[in-house]
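Presented below is the structure to which this report refers.
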Number of protein chains: 2
Amino acid sequence: MDKFYTITELTREFGVSTRTLRFYEDEGLINPERRGRTRLFRPADRRLIQEILRGRRIGFTIAEIREIIKVYKDPPGEMGQLEMLMQKVSEKREDLRQKRRDIEETLAELDNVEEACLTRLAEIGVGT
Amino acid sequence: MDKFYTITELTREFGVSTRTLRFYEDEGLINPERRGRTRLFRPADRRLIQEILRGRRIGFTIAEIREIIKVYKDPPGEMGQLEMLMQKVSEKREDLRQKRRDIEETLAELDNVEEACLTRLAEIGVGT
DNA sequence: GAGAAAATTGACTTATACGTAAAAGTCAAT
DNA sequence: ATTGACTTTTACGTATAAGTCAATTTTCTC
């Protein structure tokens, strides 16, 4: 066992470029092992990449994603830092809830756009 | 009546800079009237800005926002264009639904992060 | 109608998140 | 030993979405 993935396997699975995964490594988000110079991605790396991409899709910056990841690896030991972190979590939560509202509203708007299209299509269709 | 807003009123309300609003005008997203050179924003402009910012928050590009806005002002007259538009609407919808899923998952994860923080705080607290 | 405050413009700069090109290394199979 | 497919590193390039700055107007306020 002890399965690992090559970089291209993962690029194919997730639809990103090798450059992107190397960039994430440079930024300290993932730390694949090496055999010689070649990167070996473990399942844990793969899961991490999933998380990174999810964060990316909802508009987190690399820095923000890095912070979230850090908590798992290395939960801070100082009270002050913990409190700061929880503060940030609160903010993120509010941020995400706002985004969710934005999405709901925009989905509703897309319905309107579609309606408008259909109406217009019907208008045109009658004339032909 | 016939209320209008100055640019700074709106920057204050929405927390953006004047440069940003001018940028949106340059990009053709809004079209405030002028008295001399000074921009006069009507309620309709204000609502448009709200829409733009909402689109921005969920990660639409300026070009995408412009397209959505255009449909209201000027619904396309050609069938081909209408169908293309509806295609795009479908894609956006899928995109937004994916984002909504991402948000739900990330919110759940933030709960975990918070848990971890609280646990850690408790551990530290006992020692003091 | 003078001076302060606000608004405009254009040119330049910035940050993020990669893209791209070049040159060399890796490795398995022939 | 060579081929071919893939990978690595380094370095520079690019698009998006504004921000910054400085030099003018323009508009309020008294």
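All chains are named by letter (A, B, ...) in the order of the sequence lines, taking the proteins before the strands, and each is independently numbered beginning at 1.
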Requested in this report: Compare every heavy atom of A:K99 with every heavy atom of A:G59, then report the nearest pair and how far apart it is.
Outcome: CA-NZ, 4.0 Å
Query raised in the report: Across the strands shown, which category fits B:R19 at heavy-atom distances under 4.0 angstrom: base, sugar-phosphate, nothing?
Result: base
Query - Nearest heavy-atom neighbours spanning A:I58 and A:L96 - result: CD1-CD2, 3.9 Å
Query - Nucleotide C:dT16, atom C1' - distance to CD of A:E27 in whole Å - result: 9 Å
Query raised in the report: Between A:R37 and D:dC6, is there a side-chain N or O to OP1/OP2 distance below 4.0 Å?
Result: no
Requested in this report: Report yes if a side-chain nitrogen or oxygen of B:T20 is closer than 4.0 Å to either non-bridging phosphate oxygen (OP1 or OP2) of D:dG19; otherwise report no.
Outcome: yes
Query raised in the report: Under 4.0 Å between a side-chain N/O of B:S17 and OP1 or OP2 of D:dG19, yes or no?
Result: yes
Report summary line: A:Y5 atom OH is separated from D:dT7 atom P, nearest whole Å, by 16 Å
Requested in this report: Using whole Å, report how far CD of A:E64 lies from C1' of C:dA15.
Outcome: 13 Å
Report task. Whole angstrom is fine here: how far is it from CG in B:L40 over to P in C:dA6? Result -> 17 Å
**Report entry** Side-chain heavy-atom pair A:L82, B:I124 within 4.5 angstrom cut-off
**Finding:** yes
Query raised in the report: How far apart are the C-alpha atoms of A:E94 and A:R97, what are their side-chain angles, what is the distance that settles it, and do they pass the salt bridge (charged side-chain N to carboxylate O under 4.0 Å, His left out) test?
Result: CA-CA 5 Å; A:E94 249 330 290; A:R97 286 186 179 143; 3.8 Å; yes
Query raised in the report: Does a side-chain N or O from B:R35 land closer than 4.0 Å to OP1 or OP2 of D:dC28, or not?
Result: yes
Query raised in the report: Out of D:dA18, C:dA7, D:dT9, which nucleotide sits closest to the side chain of A:R39?
Result: D:dT9
Query raised in the report: Does a nitrogen or oxygen in the side chain of A:R56 sit under 4.0 Å from OP1 or OP2 of C:dA17?
Result: no
Query raised in the report: With a non-hydrogen cut-off below 4.0 angstrom, is A:R22 in contact with a base, only sugar-phosphate, or nothing?
Result: base
Query raised in the report: Rounded to the Å, how far apart are B:L21 CG and D:dA17 P?
Result: 16 Å
Query - Any B:T38 side-chain nitrogen or oxygen under 4.0 Å from OP1 or OP2 of C:dA6 - result: no
Query raised in the report: How about A:R34: does its CZ atom have over 12 heavy atoms from other parts shown lying under 6.0 Å from it?
Result: yes
Requested in this report: Please state how far atom CD in B:E25 lies from atom C1' in C:dA7, giving the value in whole angstrom units.
Outcome: 12 Å
Query raised in the report: So what does A:T18 touch, heavy atoms closer than 4.0 Å: a base, only the sugar-phosphate, or nothing?
Result: nothing
Query raised in the report: Between D:dT10 atom P and A:F23 atom CZ, what is the distance in whole Å?
Result: 16 Å
Query raised in the report: According to a strict under-4.0 Å criterion, is A:T6 in side-chain N/O contact with OP1 or OP2 of D:dC6?
Result: no
Query raised in the report: Any side-chain N or O of A:Y24 less than 4.0 Å from the OP1 or OP2 oxygen of C:dC18?
Result: yes
Query raised in the report: So, A:T20 and A:S17: side-chain donor and acceptor under 3.5 Å apart, yes or no?
Result: yes
Query raised in the report: A:I7 has an atom CD1; how far is it from atom C1' of D:dC6, in whole Å?
Result: 11 Å
Report task. Quick one: look up who C:dA29 pairs with, Watson-Crick or G-U, both distances under 3.5 Å, and put none if it's unpaired. Result -> D:dT2
